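Have a look at the structure below before the remarks.
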Amino acid sequence: MELVIILFLVLFATLYYIKKGDSLYKFVIDGANVVYDRWAPYSFKTIKEKVKDLGQDYTPKDHAIQLALFGGGAFIISYLYFYNFLVSIIYVVAAISMVPYLHYLRCKRIYSEFIFEQVQVYTTNTIMEFQTTQSFVKALEGVYSSGVLQDPVLSDVKIMIDMAYQNGVVDESIEYMNERYDFYMTRNMHQLFLQITKEGSRDSGDVLENMLQDIDTLVEGVYRDRMDRSNFHRQFISYGLMLYLLVMLIQYMLQVETYRELLKNPIVLVALHAIVILNSYFLISGEKYYNENVGAE
């Protein structure tokens, strides 16, 4: 009965704040933003700003729902394991504290996918521009002014152009871009253009066409890999959540009264805490792998 009442209150509060607006969320997030602005790395601030520009950042309602799901889920699972309100509150706090980290991982994945797409656009359009201009720098200028690129790649292309005119050669420009975007297709294209620039552009058409086909094949493979990983990710999360609920099967087999008597044994309690913590670590590690290993190349 206690659990039913608590769950009802949590559900009512969640629906109320979603309906009435984001006043509670605003109060919490404003305090969090103070800490974020002071301690978050500059690189992540840039990433988060780009994710927001792309329209893929969470809305206040999304954040509120995510916090409610994590907090409510942690409370239900921990209460079913330990039947202890204080222990459940500790697990709720721990679960909610992981939300910013998971948001950080998600933003990094979205940003990495965006950069890969921009690099693919950069390489493809530079090759096509070169086929017309037969000049690497002119090709870069054509791509820069075409409007197909966005920052930060757009700004880096402008830096490449300025460096090329300043130095009179493209070597330093290419080295700069290779360090900024260490992709297989970027390095291969730059190596080809470096060779053409130094040895002449005779009979380069077929080689450039083959490189365009290689890029298309690579991009197709990357997107196929992303779909496969997305499907696996959903199955992985479902499997992890099912592991949590095995305690319900145990209680069904032993009866709830017998199970609650077992909770008085310190060894049983330690074992149950270990199960919850290890399964949580398993899920968080999977999330980290899914979001960081985006399968770019």
Side-chain angles (χ1 to χ4, degrees), residues 43-57 105-165 170-197 201 204-230 290-297:
S43 58
F44 180 61
K45 293 180 182 179
T46 304
I47 290 173
K48 184 173 173 59
E49 193 63 35
K50 176 55 68 174
V51 171
K52 186 180 294 185
D53 291 342
L54 294 172
Q56 297 191 52
D57 198 13
L105 292 177
R106 178 179 178 272
C107 287
K108 283 189 66 177
R109 173 177 58 81
I110 293 173
Y111 186 77
S112 296
E113 292 173 349
F114 165 75
I115 289 297
F116 176 79
E117 292 166 0
Q118 284 288 289
V119 169
Q120 181 260 324
V121 171
Y122 159 70
T123 53
T124 301
N125 282 271
T126 301
I127 291 173
M128 291 189 295
E129 288 283 345
F130 184 85
Q131 289 175 322
T132 302
T133 63
Q134 293 298 305
S135 167
F136 181 51
V137 178
K138 293 296 182 184
L140 292 177
E141 290 177 332
V143 174
Y144 177 76
S145 60
S146 65
V148 297
L149 293 178
Q150 300 181 42
D151 282 331
V153 178
L154 179 65
S155 297
D156 288 326
V157 170
K158 181 63 168 63
I159 292 174
M160 288 183 72
I161 296 170
D162 293 342
M163 291 172 67
Y165 279 119
V170 298
D171 301 61
E172 190 174 343
S173 299
I174 286 175
E175 183 179 350
Y176 169 81
M177 203 64 167
N178 284 344
E179 290 178 356
R180 291 280 292 168
Y181 307 101
D182 189 12
F183 292 93
Y184 171 80
M185 58 181 169
T186 313
R187 289 188 173 275
N188 269 19
M189 184 194 74
H190 288 159
Q191 182 60 36
L192 176 61
F193 282 137
L194 196 60
Q195 183 177 348
I196 292 174
T197 301
S201 60
S204 63
D206 291 340
V207 178
L208 294 173
E209 285 295 334
N210 290 336
M211 181 164 286
L212 283 174
Q213 293 177 9
D214 290 342
I215 293 173
D216 289 341
T217 303
L218 173 64
V219 172
E220 182 181 351
V222 167
Y223 283 114
R224 189 184 302 113
D225 174 71
R226 287 183 188 174
M227 288 188 291
D228 291 342
R229 287 188 310 106
S230 180
Y290 168 69
N291 286 286
E292 288 190 341
N293 296 273
V294 298
E297 293 198 86

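For the single chain, residues carry numbers from 1 onward in sequence order. Please read these numbers as outputs of a predicted model, since none were measured by experiment.
Between L192 and L208 there is a side-chain heavy-atom pair separated by less than 4.5 Å. Side-chain atoms of Y122 and L154, non-hydrogen and from C-beta on, never get closer than 4.5 Å to each other. Using a 4.5 Å heavy-atom threshold, the side chains of I161 and K138 count as separate. Using a 4.5 Å cut-off on side-chain heavy atoms (C-beta onward), M185 and M189 make no contact.
Judged as a side chain to side chain donor-acceptor pair (under 3.5 Å), and not counting sequence neighbours, the contacts of N178 are H190. With sequence neighbours excluded, the residues satisfying ring-ring contact (aromatic ring centres under 6.0 Å, His included) with F136 are F193. The side chain to side chain donor-acceptor pair (under 3.5 Å) check on E220 picks up R224, with sequence neighbours excluded. The side chain to side chain donor-acceptor pair (under 3.5 Å) check on T126 picks up nothing, with sequence neighbours excluded. Legend: residues meeting salt bridge (Lys or Arg N to Asp or Glu O under 4.0 Å) with E172, ordered by chain and number and at least two apart, are absent. By the side chain to side chain donor-acceptor pair (under 3.5 Å) test, Q120 pairs with T124, sequence neighbours left out. The salt bridge (Lys or Arg N to Asp or Glu O under 4.0 Å) check on D171 picks up K198, with sequence neighbours excluded.
Note that CD1 of I47 and NZ of K108 are 6.5 Å apart. Values are rounded to the nearest 0.5 Å. In this structure, OH on Y176 lies 10.5 Å from CG on D162, to the nearest 0.5 angstrom. The structure places CD1 of I110 at 7.5 Å from CD of E113, a figure rounded to the nearest 0.5 Å.
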Quick one: do Y290 and L105 satisfy side-chain contact (heavy atoms from CB on, under 4.5 Å)? Show the steps, please.
CA-CA 9 Å; Y290 168 69; L105 292 177; over 6 Å; no

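In terms of heavy atoms, D57 sits closest to R106 at CA-NH1, 4.3 Å. Here the shortest heavy-atom pairing between T186 and T123 reads CA-CG2, 4.1 Å. Here the closest non-hydrogen pair linking Q131 and E209 is NE2-OE2, 3.0 Å.
Using a 4.0 Å cut-off between a side-chain N of Lys or Arg and a carboxylate O of Asp or Glu, E117 and R226 qualify as a salt bridge.
Between the side chains of D156 and Y181, a donor-acceptor pair is found at a separation under 3.5 Å.
For the pair D225 (side chain) and G221 (backbone), a donor-acceptor distance under 3.5 Å is absent. The backbone N or O of A164 lies less than 3.5 Å from a partner atom in the side chain of S173, making a donor-acceptor pair.
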Give the table of side-chain donor-acceptor pairs shorter than 3.5 Å for residues 210-218, with sequence neighbours excluded, one pair per line with atom names and distance.
| from | atom 1 | to | atom 2 | distance (Å) |
| --- | --- | --- | --- | --- |
| N210 | ND2 | D206 | O | 3.2 |
| T217 | OG1 | Q213 | O | 2.9 |

Would you give me the side-chain donor-acceptor pairs under 3.5 Å for residues 139-152, sequence neighbours excluded?
| from | atom 1 | to | atom 2 | distance (Å) |
| --- | --- | --- | --- | --- |
| E141 | OE2 | Y165 | OH | 2.8 |
| S145 | OG | E141 | O | 3.0 |
| S145 | OG | G142 | O | 3.3 |
| S146 | OG | V143 | O | 2.7 |
| D151 | OD1 | S155 | N | 3.1 |
| D151 | OD1 | S155 | OG | 2.5 |

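Taking the six-membered ring where the residue is Trp, Y111 and F114 present tilted rings, their angle falling between 30° and 60°.
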